[in-house]
Amino acid sequence: MSDTESVVDPEEVRHVADLARIDLDDEEVDRFTEKFADILEYFETLDEVPEVDEEEELANVMRPDEVRECLSQEEALRNAPESEDGYFKGPNVS
């Protein structure tokens, strides 16, 4: 049992599970208590990473825009699974 693991309380795990509307049995609570402790330990490790004082200068590596001939509407719709009245047709969303 690590020092971090003692910081995570099984009741906190149950509370988080309740907020997420997830039913956990005792075995799952124990397992998630250990996993949460591991996650907190990873955050402690990240806290040890030294900060970088200076940011590197950013450079635009994108090519400049070029005007090119575009696809016709018919060519653009050629591989569409469904189209209607010259437009792409997708599933109904409600």
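The figures that follow rest on heavy atoms only: side chains count, while hydrogens, waters and symmetry mates do not. Bear in mind the structure is a predicted one, so any value in this text is a computation, not a measurement.
- Applying the salt bridge (Lys or Arg N to Asp or Glu O under 4.0 Å) criterion to E69, with sequence neighbours excluded, gives no partner residue.
- Remark: D23 CG is loosely packed, at most 12 non-hydrogen atoms of other residues, nucleotides or ligands lying under 6.0 Å away.
- Take R68 and apply the salt bridge (Lys or Arg N to Asp or Glu O under 4.0 Å) test, not counting sequence neighbours, and it matches E66.
- Of all heavy-atom pairs spanning P10 and T33, the tightest one is CA-OG1, 3.7 Å.
- For K35, there are no salt bridge (Lys or Arg N to Asp or Glu O under 4.0 Å) partners two or more places apart in sequence or in a different chain.
- Within a 6.0 Å radius of CZ in R63, more than 12 heavy atoms belonging to other residues, nucleotides or ligands are found.
- Here F88 sits in one hydrophobic cluster together with L77; the rule is ILVMFWY side chains under 4.5 Å apart, joined directly or through other members.
- Counting side-chain heavy-atom gaps under 4.5 Å among Ile, Leu, Val, Met, Phe, Trp and Tyr, V67 is found in no cluster with other residues.
- Residues Y42 and V49 do not share a hydrophobic cluster, defined by chaining ILVMFWY side chains whose heavy atoms lie under 4.5 Å apart.
- Under the rule for a side chain to side chain donor-acceptor pair (under 3.5 Å), E48 has no partner lying at least two apart in sequence or in another chain.
- Scored by the side chain to side chain contact (heavy atoms under 4.5 Å, CB included) test, E27 finds D25, R31 as partners (sequence neighbours excluded).
- Residues satisfying the side chain to side chain contact (heavy atoms under 4.5 Å, CB included) criterion with E75, sequence neighbours excluded, are L71, S72, R78.
- For the side chain to side chain contact (heavy atoms under 4.5 Å, CB included) test, no residue two or more places apart in sequence or in another chain qualifies with N79.
- Two different hydrophobic clusters hold V8 and L19 under the rule that ILVMFWY side chains link at heavy-atom gaps under 4.5 Å.
- With sequence neighbours excluded, the residues satisfying side chain to side chain donor-acceptor pair (under 3.5 Å) with E11 are R14.
- For E82 (side chain) and K89 (main-chain N/O), no donor-acceptor pair under 3.5 Å exists by modelled atom type.
- Distance check, rounded to the nearest 0.5 Å: CD1 of I39 to CZ of F32 gives 9.5 Å.
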